[in-house]
Amino acid sequence: MPELPEVETIRRDLEKKIAGQKIKSAGILATKSVHNKSVEFLKFLVGNNFSHIERRGKLLMFALKKVGKYAFMLVHLKMTGQLIYRHKKQILAGGHSQTAMDTTVPNKFTRVIFTFSDGGQLFFNDLRRFGYLKLVSKEEKEKIVKNNFGIEPLTPDYTLEAFEKLFKKRQTNVKALLLNQKLISGIGNIYADEACFDARILPFRKVSSLTKEEIRKLFSVIEHVLKLSIKHRGTTFNNYVDSDGNTGSHISFLNVYGRAGEKCKKCKSIILKNKHAGRGTHYCVKCQK
DNA sequence: GTGTTTGTTATCAA
DNA sequence: CTTGATAACAAACA
């Protein structure tokens with residue numbers, strides 16, 4: 001479940017490793033994972049290189065050095081996608097890994113492989129095959145960004161004024177608002193629940209019931225929890241690993257997510273879990289109002 | 001065999 | 001057109 005902090009961790013690390021490296025060869029092991037025709041995808045990328053990597057919400061956008069029909073390779077990890085990089089000497093005889101957390105690559109969940117001129121390799125693994133790689137033109141990329149993403153946290157876009165606007169004339173609940181990428185991007189189930197706990201707000205409250213002060217608090221804790229998680233290199237709950245195949249350590253800082261039935265770290269009440277906005281939702285009924 | 005896990009989209013309704 | 005709620009998707013695990 002890579003969300004903003006996990007995807008940003010991958011972006012930062014991977015950019016250092018592959019920027020400017022010539023793509024010597026590439027292979028598609030699962031055509032479903034590539035949203036272009038295989039031959040065209042491979043033809044356009046081999047001999048090209050990634051100049052830098054951008055991110056919007058949970059979407060990675062690899063900028064291509066040689067621009068033609070296409071200018072970017074979009075990568076969405078969805079629930080179980082991984083991008084693992086290995087230097088030449090790290091590459092072992094793989095292919096026998098039977099679990100998604102065994103980061104020997106390639107393994108049975110490897111869907112796409114890039115090999116660079118220096119011998120390094122990038123592996124796109126995806127157990128559930130929800131994720132994808134897609135070549136798009138500059139215009140398509142801009143259209144996708146414009147149409148699908150709301151306020152981006154950790155950028156100058158993220159202002160209290162813009163955030164407050166989201167709460168005006170809306171009938172939905174707080175959890176659904178936070179998960180809606182078209183309103184605010186990058187937050188998934190883990191950080192939605194954590195942000196609500198940190199702001200002491202029950203996630204199923206109608207957004208219209210929040211006071212100005214509660215909105216302000218939510219605004220500030222979102223920024224805080226995302227930054228803190230990036231510092232911890234993300235949350236590994238199930239499947240997430242960074243581009244070295246290592247887990248993130250933020251899980252031990254989670255207050256509610258994944259802690260149903262356990263004691264609240266603040267007040268010792270039992271953390272509850274119910275379904276809201278179609279997702280498992282964790283909260284402390286004593287700390288959150 | 002059943003229920004659960006989630007990011008996103010499709011679909012339907014108001 | 002906008003908003004919102006829900007199902008669907010995939011695959012593994014308890």
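Just so it is clear: chains get the letters A, B, ... in the order the sequence lines come, proteins before strands, and each one is counted from 1. Computed from a prediction, not measured in an experiment: that's the story for all the values here.
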What is the distance, rounded to the nearest whole Å, between atom [atom1] of [X] and atom [atom2] of [N]?
X       : N       : atom1 : atom2 : value
L74(A)  : dT8(B)  : CG    : P     : 13 Å
H276(A) : dT5(B)  : NE2   : P     : 13 Å
F167(A) : dT3(C)  : CZ    : P     : 15 Å
M1(A)   : dC13(C) : CE    : C1'   : 13 Å
H35(A)  : dG7(B)  : NE2   : P     : 17 Å
R111(A) : dA10(C) : CZ    : C1'   : 10 Å
L178(A) : dG7(B)  : CG    : P     : 13 Å
R56(A)  : dT8(B)  : CZ    : C1'   : 16 Å

Discussion item. So if I define the base as every atom that isn't primed, P, OP1 or OP2, how would nucleotides 4-9 of chain C read as a B/S/- string at a heavy-atom cutoff under 4.0 Å?
Written reply: SS--BB
Parallel, tilted or perpendicular: rings of [Y] and [X] (30°, 60°):
X       : Y       : result
H232(A) : F253(A) : parallel
H250(A) : Y191(A) : tilted
F219(A) : F163(A) : tilted

Worksheet item: Which comes earlier along DNA chain B counting from the 5' end, the contact point of R128(A) or that of Q181(A), where each point is its nearest nucleotide?
Response: R128(A)
Practice prompt. Among R12(A), K141(A), K138(A), find the residue that satisfies the salt bridge (charged side-chain N to carboxylate O under 4.0 Å, His left out) test when tested with E54(A).
Written response: K141(A)
Worksheet item: Reckon G280(A) touches a base, only the sugar-phosphate, or nothing at all at heavy-atom distances under 4.0 Å?
Response: sugar-phosphate
Worksheet item: Which part of the nucleic acid does Y257(A) contact within heavy-atom distance under 4.0 Å: base, sugar-phosphate only, or nothing?
Response: sugar-phosphate
Item to complete: Can you measure from NZ (K78(A)) to OH (Y132(A)) and round to the nearest 0.5 angstrom?
Response: 6.0 Å
Worksheet item: Does F116(A) have K24(A) sitting over its ring (NZ/CZ under 6.0 Å from centre, angle to axis within 45°)?
Response: no
Worksheet item: Nearest of dT5(B), dA12(C), dG7(B) to any side-chain atom of L127(A)?
Response: dA12(C)
Fill in: D242(A) and T9(A): side chain donor to acceptor below 3.5 Å
no
